[in-house]
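The structure under discussion appears below in the form of structure tokens.
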2 protein chains.
Amino acid sequence: MYDLNKEVAKVKAQTLESQLCFAIYKATNQYTKLYRKALEPFDLTYPQYIVLLALWENDHMIIKQLSEKLSLGIGTLNPIISKLVKKDYITKTPSPMDKRSVVISLTTKGRNSESTISEMISTKATKWDSFAIFDDQFKLKLQELNTLLSQLNDGEEKK
Amino acid sequence: MYDLNKEVAKVKAQTLESQLCFAIYKATNQYTKLYRKALEPFDLTYPQYIVLLALWENDHMIIKQLSEKLSLGIGTLNPIISKLVKKDYITKTPSPMDKRSVVISLTTKGRNSESTISEMISTKATKWDSFAIFDDQFKLKLQELNTLLSQLNDGEEKK
DNA sequence: ATATAATGTATCGTGTACGATTTAAATAAG
DNA sequence: CTTATTTAAATCGTACACGATACATTATAT
């Protein structure tokens with residue numbers, strides 16, 4: 001009747017190179033490596049740098065807001081913040097409104113470093129980030145992907 | 001003569017959301033989170049899973065080959081391999097040809113788990129990886145990006 | 001007004017990810 | 001043949017990244 005052998009035929013895995021996830025995983029590692037060298041003179045890592053980027057856009061956020069903007073949990077963010085405080089880029093102040101929350105603000109050094117760092121990054125970034133082939137459409141698709149992924153993560157949460 | 005104030009005009013940083021690197025960074029974190037839950041039943045993490053993927057494609061690689069295929073340094077790979085050995089997915093054997101190198105091979109459990117894991121991943125992956133919008137062109141551009149990034153990383157090396 | 005639930009931080013344990021250093025084996029150079 | 005260089009692994013220190021837990025403060029419910 002049934003060909004049982006065919007029914008239990010082994011499912012083969014997709015090759016690594018064919019997987020979107022693996023390509024993105026590699027790209028992140030490579031980007032981090034590039035930024036490591038570029039940010040070395042400022043004694044910053046990439047995650048520390050994006051905290052500064054967020055604050056240059058919008059100073060005096062509370063940790064929760066930073067956490068949402070960067071899509072990083074507080075367990076990840078806290079040690080990064082501590083290091084930036086130690087390096088005198090930012091300060092932590094308890095919020096007057098809500099004693100639970102902590103406001104993160106740029107120091108003078110943190111504010112002033114924006115132009116220095118951005119200038120040095122922008123000379124490299126023309127090589128890194130803005131090749132003609134990585135146009136707006138590509139970025140848009142990545143953003144769509146991120147929206148989908150976060151929906152999926154939220155969806156898995158509720159199961 | 002010159003308007004010096006204009007000459008020292010502050011360079012502003014690019015916004016986070018406009019940066020390709022940040023989009024990719026977020027996507028990796030989200031993918032890892034999704035895979036964390038999917039692979040939990042098998043007691044595997046995403047990096048451990050891609051080691052298995054590599055070996056399912058090509059068993060009995062030495063660590064150096066694995067390192068190249070996955071673009072991971074030996075400092076990263078070694079603890080991952082140790083865990084897979086402890087969980088009885090793979091074994092380490094010194095190479096007979098070259099006593100420096102170590103051959104990584106799948107155990108029976110490691111080999112047999114391919115179909116089980118791939119089947120469960122493939123049911124989820126239709127949701128994750130193969131949306132119509134993430135077509136071959138998108139993947140191709142990501143691969144181009146990775147090629148460029150690795151060239152840049154090699155280039156920085158020599159400076 | 002008080003018990004309860006929700007929220008914002010902090011901390012801890014596990015697992016990457018990397019560069020730097022060390023060690024042993026293979027290869028090259030003299 | 002022996003010294004020098006290269007190569008493959010292993011190890012160490014630093015820095016994320018996450019989930020789980022703990023804790024204080026605020027908001028909610030009765």
Side-chain angles (χ1 to χ4, degrees), chain A residues 22 25-40 43-51 61-87 92-104 150 153 156-157, chain B residues 22 25-40 43-51 61-87 92-104 150 153 156-157:
Chain A
F22 183 61
Y25 169 77
K26 277 198 298 188
T28 299
N29 289 342
Q30 304 226 56
Y31 258 127
T32 309
K33 244 186 268 190
L34 276 178
Y35 270 100
R36 189 191 316 282
K37 274 179 191 139
L39 294 170
E40 207 172 42
D43 192 23
L44 290 171
T45 63
Y46 181 70
Q48 289 163 21
Y49 167 66
I50 62 174
V51 168
M61 274 188 278
I62 68 169
I63 294 183
K64 187 78 208 302
Q65 292 172 306
L66 258 178
S67 162
E68 266 158 20
K69 182 148 182 82
L70 303 178
S71 306
L72 291 176
I74 278 164
T76 304
L77 214 44
N78 252 335
I80 298 175
I81 288 173
S82 303
K83 273 164 205 121
L84 286 173
V85 169
K86 195 168 294 173
K87 293 173 190 171
K92 289 169 74 171
T93 337
S95 167
M97 335 281 201
D98 187 334
K99 284 179 195 162
R100 289 170 302 180
S101 42
V102 174
V103 177
I104 307 294
S150 75
N153 268 319
E156 299 281 319
E157 203 96 340
Chain B
F22 182 62
Y25 170 76
K26 277 198 298 187
T28 299
N29 288 342
Q30 304 226 56
Y31 259 127
T32 309
K33 243 185 272 190
L34 276 179
Y35 270 101
R36 189 190 318 280
K37 274 179 193 141
L39 293 171
E40 208 173 40
D43 192 24
L44 290 171
T45 64
Y46 181 70
Q48 289 164 20
Y49 167 66
I50 62 174
V51 168
M61 274 189 279
I62 69 170
I63 293 183
K64 187 76 209 303
Q65 292 171 308
L66 258 177
S67 162
E68 266 159 20
K69 180 145 183 86
L70 302 178
S71 305
L72 292 175
I74 279 164
T76 304
L77 215 44
N78 252 335
I80 298 174
I81 288 174
S82 304
K83 272 163 205 119
L84 285 174
V85 169
K86 195 167 295 174
K87 294 174 191 171
K92 290 169 73 171
T93 338
S95 167
M97 335 279 201
D98 188 334
K99 283 180 196 163
R100 290 170 303 180
S101 40
V102 173
V103 177
I104 307 294
S150 75
N153 268 318
E156 300 280 318
E157 204 97 338

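Below, each value reflects all heavy atoms present in this structure, side chains not excepted, and no hydrogens, waters or symmetry copies. Within every chain, numbering begins at 1; the chains are lettered A, B, ... in the order of the sequence lines, protein sequences first and strands thereafter. These numbers were taken from a predicted model, which means no experiment stands behind them.
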Nearest-nucleotide comparison on DNA chain C, the residue closer to the 5′ end among Val103(A) and Asn29(A): Val103(A)
Interatomic distance where CE belongs to Met61(A) and C1' belongs to dG8(C) [whole Å]: 16 Å
For atom CD1 of Ile50(A) and atom C1' of dC16(D), their distance in whole Å: 11 Å
Lys86(A) NZ to dA15(D) C1', straight-line distance once rounded to whole Å: 12 Å
Listed partners of Thr28(A) passing side-chain hydrogen bond (donor to acceptor under 3.5 Å, both in side chains), at least two apart: Thr28(B)
Side-chain N,O (Tyr25(A)) to OP1/OP2 (dT16(C)) below 4.0 Å: no
Side-chain donor/acceptor of Ser82(B) to backbone N/O of Asn78(B), under 3.5 Å: yes
Lys92(A) vs dA10(C): side-chain N/O to OP1/OP2 distance below 4.0 Å: yes
Which residue lies more 5' along DNA chain D, comparing Val102(B) with Gln48(A) via nearest heavy atoms: Val102(B)
Provide a list of protein-nucleic acid N or O atom pairs under 3.5 angstrom, restricted to nucleotides 24-28 of chain C.
| residue | atom | partner | partner atom | Å |
| --- | --- | --- | --- | --- |
| dA26(C) | OP1 | Lys99(B) | N | 2.9 |

For Thr45(A), side-chain hydrogen bond (donor to acceptor under 3.5 Å, both in side chains) partners two or more places apart: Gln48(A)
Distance below 4.0 Å between Lys33(B) side-chain N/O and dG15(C) OP1 or OP2: no
Any side-chain heavy-atom pair of Tyr46(B) and Phe22(A) under 4.5 Å: yes
Whole angstrom value for the distance that separates C1' of dT14(C) from CG of Asp43(B): 12 Å
Lys26(B) NZ - dC18(D) P separation (whole Å): 12 Å
Min side-chain heavy-atom separation Asn29(A)-Leu72(B) under 4.5 Å: yes
Rounded distance in Å - CD (Gln30(B)) to P (dG19(D)): 11 Å
Gap between atoms CG and C1', on Leu44(A) and dC16(D) respectively (whole Å): 14 Å
Where Ile50(B) and Pro47(B) come nearest, the two heavy atoms and their spacing: CG1-O, 3.2 Å
d(NZ, Lys83(B); C1', dA17(C)) in whole Å: 11 Å
Contact residues, residues 65-82 of chain B to DNA chain D [heavy atom, < 4.0 Å]: Ile74(B), Gly75(B), Asn78(B)
Position toward the 5' end of DNA chain C (nearest nucleotide), Arg36(A) or Ile63(A): Ile63(A)
Listed partners of Arg36(A) passing salt bridge (Lys or Arg N to Asp or Glu O under 4.0 Å), at least two apart: none
Salt bridge (Lys or Arg N to Asp or Glu O under 4.0 Å) contacts in which one or both residues fall within residues 69-84 of chain B, not counting sequence neighbours: Glu57(B)-Lys69(B)
Non-hydrogen side-chain atoms of Leu44(B) and Tyr35(B) separated by less than 4.5 Å: no
